[in-house]
Amino acid sequence: QVELAESGGSVVQAGGSLRLSCVGSGRTFNDYSVAWIRQGAGKEREFVASINWSGGLTSYGDSVEDRFTISRDNAKNTVYLEMNKLRPEDTAIYYCAATRAFYSNYDGYLSGSWGRGTQVTVSS
């Protein structure tokens, strides 16, 4: 297991950009696949994006593809989510989650390690 801490959430206007960071603890963090998952008020959790341990594999949810980019810097134990062309419906708490295996969906990360989340609010 690893410990995760998200940061970078803020209030931003529609059409704007934001970058979230997920910092992992422990020397084994670089062995883990990491996903971003979000939950808006009154909504179910939604898969946003995932990246494998090397950064060579990525996957995106339909609603964010072509707007969001996931990347990682293993030297800094950090995974990023670059969010562009933000919309009010992107408003949510964004969590990062980590597992050994790589998944392209939310279910695969349910049993993994999770951070506490960071709030993103997009105003219209």
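For the numbers below, each heavy atom of this structure counts, side chains included, while hydrogens, waters and symmetry mates do not.
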By ring-ring contact (aromatic ring centres under 6.0 Å, His included), which residues pair with [X], not counting sequence neighbours?
X	result
Trp114	Tyr95
Tyr103	Tyr109
Tyr80	none

Is Asn77 close to Asn30 at the side-chain level, that is, under 4.5 Å between some pair of heavy atoms? yes
Strictly distance-based, threshold 3.5 Å: is any side-chain N or O of [X] a donor or acceptor partner for the main-chain N or O of [Y]?
X	Y	result
Asn105	Gly108	yes
Thr91	Glu89	no
Ser50	Ala35	no

Using the side chain to side chain donor-acceptor pair (under 3.5 Å) criterion, which residues pair with Arg45? Sequence neighbours excluded. Gln39
CZ-CG distance between Arg72 and Asn74, expressed to the nearest 0.5 angstrom: 4.5 Å
Between Phe47 and Ile37, the two heavy atoms sitting closest are CA-CG1, 4.3 Å
What's the shortest heavy-atom distance between Ser124 and Ala14, and which atoms? CA-CB, 4.3 Å
Which residues pass the salt bridge (Lys or Arg N to Asp or Glu O under 4.0 Å) test with Arg116, not counting sequence neighbours? none
Pairing residues for Arg87 by the salt bridge (Lys or Arg N to Asp or Glu O under 4.0 Å) criterion, not counting sequence neighbours: none
Just to verify, what does Asp66 make a side-chain contact (heavy atoms from CB on, under 4.5 Å) with, not counting sequence neighbours? none
With sequence neighbours left out, write down each residue that passes side-chain contact (heavy atoms from CB on, under 4.5 Å) with Glu46, or none if nothing qualifies. Arg38, Ser63
Scan residues 95-104 for pairs that pass salt bridge (Lys or Arg N to Asp or Glu O under 4.0 Å), counting only residues two or more places apart or in two chains. Asp31-Arg100
Can you confirm whether more than 12 heavy atoms, excluding those of Asp107, are under 6.0 Å from its CG atom? yes
Inspect the surroundings of CD in Gln119 and state if more than 12 heavy atoms from other residues, nucleotides or ligands are less than 6.0 Å away. yes
side-chain hydrogen bond (donor to acceptor under 3.5 Å, both in side chains): which pairs involve residues 6-26, sequence neighbours left out? Ser17-Asn84
Does Tyr60 sit in a hydrophobic cluster with other residues, and if so which ones, taking ILVMFWY side chains as linked at heavy-atom separations under 4.5 Å, directly or through other members? Val2, Leu4, Val12, Leu18, Leu20, Phe29, Tyr32, Val34, Trp36, Val48, Ile51, Val64, Phe68, Ile70, Val79, Leu81, Met83, Leu86, Tyr94, Val120, Val122
What residue pairs, at least two apart or across chains, pass disulfide (SG to SG under 2.5 Å) with a residue in residues 58-124? Cys22-Cys96
